[in-house]
Amino acid sequence: MSIQLGQEAPDFEQDSSEGRIRFHEWLDGHWAVLFSHPKDFTPICTTELGEVSRLRPEWDRRGVKTIALSVDPADSHQRWIGDINETQATKVDYPILADNDQKVATLYDMIHPESDPKVTVRSVFVIDPGRKVRLILTYPPSIGRNFAEILRSIDALQLTDAQKVATPVNWNPGDEVVVSPKLSDDEASKLFPQGYRTLRPYLRLVKLKETT
């Protein structure tokens, strides 16, 4: 059965480019992004792994750990990391799961036979500090991911966990957000003393105060 939002991310133990990983132990109460790749020494994957390394300050600012998966053994990963570092002008600084037995790929439903029965699709799982799956993205093997969108989505998740708001279409940090429909007007006025705009009773927008 496929994993659904709100479920606990399944635990596993698997080899990686940085040694044996016990997933729940590795999470250690952090946000995390688990993302899969069809195989080693492939062009799109090489650019993606490099980009995740370059984005390290952004992940760290949000308290996010990153972990990749490819259905090849750890010694293959080590050779591939050399190519990634050289061609992408970066340094891979996070583990790549060596899922050559496809244990994790099967557990997380990353093999889609109608797409390609031999390799994983490009899955993305955003996991919160409570080990709950909060976001799932699935790309075909031929399309590279947009990590700016993944970061934007994490910003939205962290914001809406902290405040009684939701994010509207094309939201970016600093934009207006939607006041939760669960709040009455009186509750919203107390919670947002800076004021909010009412377009419809169910559509109220507020500009949040910046925090330092």
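The structure presented is a predicted model; accordingly, all values stated were derived computationally and were not measured.
One distance of note links NE2 of His37 with CG of Leu97; it measures 11.5 Å at 0.5 Å rounding. Taking CD1 from Ile84 and CZ from Arg79, the interatomic distance works out to 12.5 Å, rounded to the nearest 0.5 Å. Atom-to-atom distance recorded for Asn85:CG and Leu49:CG is 10.0 Å, nearest 0.5 angstrom. Rounding to the nearest 0.5 Å gives a distance of 12.0 Å between CZ of Arg20 and CD of Glu25. Rounded to the nearest 0.5 Å, atoms CG (Leu55) and CZ (Phe147) are 8.0 Å apart. For the atom pair OH (Tyr196) and CG (Leu203), the distance works out to 12.0 Å, reported to the nearest 0.5 Å.
Between the side chain of Thr42 and the backbone N or O of Lys39, at least one donor-acceptor pair lies under 3.5 Å. Formation of a donor-acceptor pair under 3.5 Å by the Arg122 side chain with backbone atoms of Thr138 is not found in this model. In this structure, Ser36 contributes its side chain and Ser123 its backbone to a donor-acceptor pair below 3.5 Å. Judged purely by atom type and a 3.5 angstrom limit, Asp15 has no side-chain atom pairing as donor or acceptor with the backbone of Ala98. No donor-acceptor pair closer than 3.5 Å links the side chain of Lys65 to the backbone N or O of Tyr94. Judged by distance alone, the side chain of Arg22 and the main-chain N or O of Gln14 form no donor-acceptor pair under 3.5 Å. Checked by atom type and distance alone, the side chain of Gln7 never pairs as donor or acceptor with a backbone atom of Val133 at under 3.5 Å. A distance-only check finds no donor-acceptor pair linking the side chain of Thr198 to the backbone of Pro201 [under 3.5 Å].
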Exercise for the section: Please step through side-chain contact (heavy atoms from CB on, under 4.5 Å) for the pair Ile96 and Leu69, ending with a clear verdict. Expected result: CA-CA 5 Å; Ile96 306 173; Leu69 174 148; over 6 Å; no

Problem - CA sep, side-chain torsions, deciding dist, call: Gln78, Ile81, side-chain contact (heavy atoms from CB on, under 4.5 Å) - result: CA-CA 5 Å; Gln78 293 295 347; Ile81 286 171; 4.3 Å; yes

Practice task
Go through the steps to decide whether Glu8 and His24 satisfy the test side-chain contact (heavy atoms from CB on, under 4.5 Å), and finish with yes or no.
Solution key: CA-CA 10 Å; Glu8 182 174 81; His24 280 184; 3.5 Å; yes

Exercise for the section: For side-chain contact (heavy atoms from CB on, under 4.5 Å), just list the numbers for Val179 and Leu205, CA-CA rounded to whole Å, side-chain angles, deciding distance to a tenth of an Å, and then say yes or no. Expected result: CA-CA 6 Å; Val179 177; Leu205 299 173; over 6 Å; no

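Atom NZ of Lys91 sits in a sparse spot, with 12 or fewer heavy atoms from other residues, nucleotides or ligands closer than 6.0 Å. Atom CD of Glu86 has 12 or fewer heavy atoms from other residues, nucleotides or ligands within 6.0 Å.
Comment: Glu187 does not engage Lys164 in a salt bridge, judged by the lack of any side-chain N to carboxylate O separation of less than 4.0 angstrom.
Looking at every heavy atom in both residues, Ala166 comes nearest to Val177 through O-CB, 3.4 Å. Nearest heavy-atom pair, Tyr108 versus Phe23, reported as atom, atom and distance to 0.1 Å: OH-CE2, 3.4 Å. Scanning both residues, Val206 and Gly195, for their nearest heavy atoms gives CG2-O, 3.4 Å. Phe192 approaches Val165 most closely through the heavy-atom pair CZ-CG1, 3.6 Å. When all heavy atoms of Ala9 and Ile127 are compared, the closest pair comes out as CB-CD1, 3.7 Å. Taking every heavy atom of both residues into account, Thr66 and Pro95 meet most closely at O-CD, 3.8 Å.
Hydrophobic cluster membership is shared by Phe12 and Ile3, with clusters built from Ile, Leu, Val, Met, Phe, Trp and Tyr side chains linked at under 4.5 angstrom. There is no path of hydrophobic side-chain contacts, each under 4.5 Å, that joins Leu159 to Leu157.
When the side-chain hydrogen bond (donor to acceptor under 3.5 Å, both in side chains) test is applied to Asp161, the partners found at least two apart in sequence or on another chain are Arg134. Annotation: side chain to side chain contact (heavy atoms under 4.5 Å, CB included) contacts of Ala156 (sequence neighbours excluded): Thr167, Trp171.
Between the side chains of Asp128 and Gln158, no donor-acceptor pair of N or O atoms lies under 3.5 Å. Asp40 and Ser70 form a side-chain donor-acceptor contact under 3.5 Å, judged by distance and modelled atom types alone. No hydrogens or angles considered: a donor-acceptor pair under 3.5 Å links the side chains of Thr46 and Trp80. Of the N and O atoms on the side chains of Ser153 and Glu149, at least one donor lies less than 3.5 Å from an acceptor on the other residue. Counted by atom type alone, Ser180 and Arg204 present zero donor-acceptor pairs between their side chains at under 3.5 Å. Between the side chains of His77 and Asp72, not a single donor N or O lies within less than 3.5 Å of an accepting N or O.
Among the candidates Arg56, Arg54, Arg61, the single residue satisfying the salt bridge (charged side-chain N to carboxylate O under 4.0 Å, His left out) test with Glu58 is Arg61.
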Cut-off 3.5 Å, no hydrogens considered: what does the side-chain donor-acceptor table look like for residues 27-35, sequence neighbours left out?
from	atom 1	to	atom 2	distance (Å)
His30	ND1	Leu27	O	3.1
His30	ND1	Asp28	O	3.0

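Looking only at side-chain heavy atoms (C-beta outward), Leu5 and Ile136 come within less than 4.5 Å of each other. Contact of the Arg197 side chain with the Glu176 side chain is registered, since non-hydrogen atoms from C-beta on lie closer than 4.5 Å.
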